[in-house]
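Written below as structure tokens is the structure these notes are about.
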Protein chains: 2
Amino acid sequence: MQSSKVSDASSVKTDPVEARHSEASPVTVDLTAVIVAVTNGEPRVLTVRPSEGEPDTLPSGPLRPDHRTLQTGLRAWVERQTSLHLGYVEQLYTFADRDRATGECGPGMCGPGESARPVSVAYLALVHEAGADGDPQTAWRPWYNYLPWEDWRAGRPRALDAILERLEQWIAEAPDPLKRRQRAERVRLTFAGNHMPWDEERALERYELLYSARLIAEAWHDQGLAPPSDVAAQPGRDMAADHRRILATAVGRLRGKIKYRPVLFELMPPAFTLLQLQRTAEALSGARLHKQNFRRLVERQRLVEETGELETETGGRPAKLMRFRPEVMLERPAPGVRVKATRRASLV
Amino acid sequence: MQSSKVSDASSVKTDPVEARHSEASPVTVDLTAVIVAVTNGEPRVLTVRPSEGEPDTLPSGPLRPDHRTLQTGLRAWVERQTSLHLGYVEQLYTFADRDRATGECGPGMCGPGESARPVSVAYLALVHEAGADGDPQTAWRPWYNYLPWEDWRAGRPRALDAILERLEQWIAEAPDPLKRRQRAERVRLTFAGNHMPWDEERALERYELLYSARLIAEAWHDQGLAPPSDVAAQPGRDMAADHRRILATAVGRLRGKIKYRPVLFELMPPAFTLLQLQRTAEALSGARLHKQNFRRLVERQRLVEETGELETETGGRPAKLMRFRPEVMLERPAPGVRVKATRRASLV
DNA sequence: CCTCCTTATGCTCGAATTGAGCATTAGTAT
DNA sequence: ATACTAATGCTCAATTCGAGCATAAGGAGG
């Protein structure tokens with residue numbers, strides 16, 4: 001079913017006529033959005049509620065002639081589809097792999113071989129609150145549902161054991177010793193083997209590795225195959241087309257970004273406690289942070305100021321409510337929350 | 001027909017007619033490459049020699065159906081156009097502004113409004129040596145020819161005086177006081193006014209600001225106007241379409257990248273002295289670095305190892321020749337040359 | 001050969017940043 | 001009162017950073 005595109009691809013290769021008229025191929029541009037919010041310390045992405053039995057989907061739509069720029073096109077689509085106004089928006093990446101589903105053709109919906117190749121331009125957007133829209137067409141999903149191995153907040157994720165076991169198997173299956181070493185090295189690098197620390201920014205690399213090793217259901221779909229029924233072999237919920245890849249890109253990018261730009265505050269309500277801020281940073285980076293050092297950092301950089309109010313619902317001593325101090329943008333280049341995970345995740 | 005789910009979703013909310021003729025506009029995808037090399041401490045980009053009287057152009061070509069991915073398409077084009085093999089390649093950005101020339105249509109050259117909108121996907125590539133190809137169709141140009149205000153290696157660039165003068169004028173011309181303050185703030189932030197340090201990574205922001213203020217010849221062209229004849233008002237050599245914007249994107253991105261990934265070595269010959277390495281870093285970042293601290297950094301991170309040879313043509317005491325130590329990639333995440341400009345550019 | 005110029009390389013020193021953790025405060029729940 | 005929980009203040013050592021002094025080792029000019 002998803003395989004329709006694969007047959008397109010092969011027709012391109014085999015049909016000499018197709019190959020000869022090598023002019024620019026007409027394509028359509030699809031704008032896809034990863035819209036992120038963090039509520040109660042849980043990072044969520046907005047999904048368009050799929051039809052029964054279909055995998056989850058990110059909001060997206062084609063670029064239209066009346067869109068002046070890619071970004072305005074994206075905003076238009078999202079605002080229409082979700083009645084959500086986007087604040088911070090950033091371009092993520094442009095994908096156009098011929099052999100990898102890009103989602104425009106549902107089962108049987110693709111035209112004949114001539115159909116335009118789908119190019120998708122992915123965007124990342126941050127919004128304040130998840131709750132808002134009661135739109136029944138959309139749903140906020142914890143992003144770690146799709147990428148469970150990325151969540152180290154409660155220590156090493158359970159899913160990793162099964163994953164690493166499968167990856168060892170994949171390494172062993174390599175056709176020759178050189179490839180075997182390369183695979184092993186790639187696993188070690190991205191999955192923190194052997195003296196490598198876990199690098200939370202490598203979310204995309206990890207996803208791509210799992211895809212190569214066919215631990216990602218989409219890898220099977222893209223080849224027109226049904227994934228093995230063994231659930232443990234397919235960690236995380238799958239998504240339509242390459243949306244999970246786009247999500248992984250967003251996660252990695254955002255994890256990097258918070259370290260040198262104050263984007264964290266795009267996700268916060270107008271007033272918040274320092275712990276809430278910390279929880280948000282942890283939600284994104286997927287790691288626990290050292291509390292006192294986190295505060296020191298935020299305070300020394302003067303990223304926030306007191307509102308004067310207190311939050312009493314903390315479960316402990318009341319906390320000062322803070323607000324973002326927008327002037328920082330005008331003071332230093334590159335302010336951000338460059339935090340390092342605590343060594344021992346238990347602490348905090 | 002493209003995105004079934006989107007039109008479904010939107011048709012729920014909006015006028016079905018609108019939704020129906022909301023076909024994706026057909027577009028062509030143009031792959032554009034910023035190919036960078038540094039020779040003798042001068043950063044250069046590969047340009048395709050323009051026809052007489054035409055502005056300089058970056059190598060580019062349309063995405064074709066036989067290209068499996070965007071990146072392979074780009075490599076194919078570049079290898080054909082320049083007989084150059086690309087090593088490091090990274091996607092930069094995708095541009096598709098409707099109102100900004102993207103090169104396919106000169107003034108009046110576009111067909112009727114229906115013509116396909118050009119989308120350009122820009123890539124950055126790093127290569128070892130500029131000299132190589134004797135291809136008469138291409139030329140290596142110092143990138144600061146196009147962005148002279150970005151070169152602070154010999155102190156504050158001369159061009160800045162004229163630029164800032166014009167920008168002051170632009171600020172004063174603002175239609176209302178609020179806009180005036182916003183313009184002033186924007187200038188201060190990007191051009192290091194008033195206690196802001198020069199942030200070399202903001203190359204794109206600076207370019208865009210100059211574009212807004214019409215200090216960039218392309219800003220006039222895009223509106224079908226001839227730029228004023230006053231040369232001082234148009235700093236830097238212009239390029240075709242939005243290629244200078246793409247170049248500015250590349251410069252900013254690369255300046256950021258060298259700080260946390262060892263990409264610098266993609267530009268170096270197999271063996272080099274530490275000073276050559278430093279000159280390369282300086283060439284990219286456009287600033288002078290503190291020599292001893294630079295060596296300390298490179299050595300402490302064990303980015304290089306001695307080859308055992310000496311370079312005697314240094315003009316002074318012979319220097320050890322070094323080579324990149326690729327093992328660093330396997331040791332730590334994010335090794336790089338995160339250097340800060342010396343306060344006083346004279347030192348070194 | 002001696003002097004000067006140039007670059008290479010070693011080393012120091014104080015300031016700032018970072019990682020980790022102790023201690024105290026101030027609320028709520030039992 | 002006692003136990004928990006979270007907020008907040010503070011310390012301390014290790015490391016990193018910014019700046020600069022000092023010395024080494026070549027070549028060029030006298």
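Scope of the values below: all heavy atoms of this structure, side chains included, with no hydrogens, waters or symmetry mates. Each chain gets a letter, A, B and so on, in the order its sequence line appears, and its residues count up from 1.
dA19(D) atom P lies 16 Å from atom CZ of F294(B), rounded to whole Å. Atom CD in E309(A) sits roughly 18 Å away from atom C1' in dG27(C) (whole-Å rounding). If you take CD of E313(A) and C1' of dG27(C), they are 11 Å apart, rounded to a whole angstrom. In this structure, E311(A) places its CD atom 18 Å from P of dA26(C), rounding to the nearest Å. Put simply, NE2 on H290(B) is 12 Å from C1' on dT12(C), counting in whole angstrom units. dT7(C) atom P lies 19 Å from atom NZ of K320(B), rounded to whole Å. Taking atom CG of residue L289(B) and atom C1' of nucleotide dT7(C), one finds them 16 Å apart after rounding to whole Å. Rounding to whole angstrom units, CG of residue L297(B) and C1' of dT9(C) are separated by 16 Å.
For K291(B) and dA8(C), the shortest distance from a side-chain N or O to OP1 or OP2 is below 4.0 Å. Considering only side-chain N and O atoms, R300(A) lies under 4.0 angstrom from the phosphate OP1 or OP2 of dT18(C).
Every residue two or more places apart in sequence or in another chain that forms a side chain to side chain contact (heavy atoms under 4.5 Å, CB included) with P142(A) is listed here: E42(A), R44(A), N145(A). By the side chain to side chain contact (heavy atoms under 4.5 Å, CB included) test, R323(A) pairs with E305(A), T307(A), sequence neighbours left out. The side chain to side chain contact (heavy atoms under 4.5 Å, CB included) check on E168(A) picks up I171(A), with sequence neighbours excluded. Remark: E185(A) engages R188(A), L189(A), L330(B) in a side chain to side chain contact (heavy atoms under 4.5 Å, CB included) (not counting sequence neighbours).
Both the sub-6.0 Å distance and the 45° axial angle are not jointly satisfied by R156(B) relative to the ring of W149(B).
Among pairs with a residue in residues 309-319 of chain B, none fulfils side chain to side chain donor-acceptor pair (under 3.5 Å), at least two apart in sequence or across chains.
Listed candidates were dA6(D), dT7(C), dG10(C). Nearest to the side chain of Q292(B) is dG10(C). Taking only side-chain atoms of N293(A), from C-beta outward, the nucleotide of dG19(C), dA19(D), dT9(C) with the closest atom is dG19(C).
With hydrogens and angles left out, the side chain of R296(B) and the base of dG18(D) share a donor-acceptor pair within 3.5 Å.
In this structure, the side chains of M268(A) and F324(A) stay at 4.5 Å or more apart for every pair of heavy atoms.
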Original post:
Can you give one letter per nucleotide of nucleotides 24-30 of chain D, 5' to 3': B if a protein heavy atom sits under 4.0 Å from the base, S if only from the sugar-phosphate, - if neither?
Top reply: BBS----

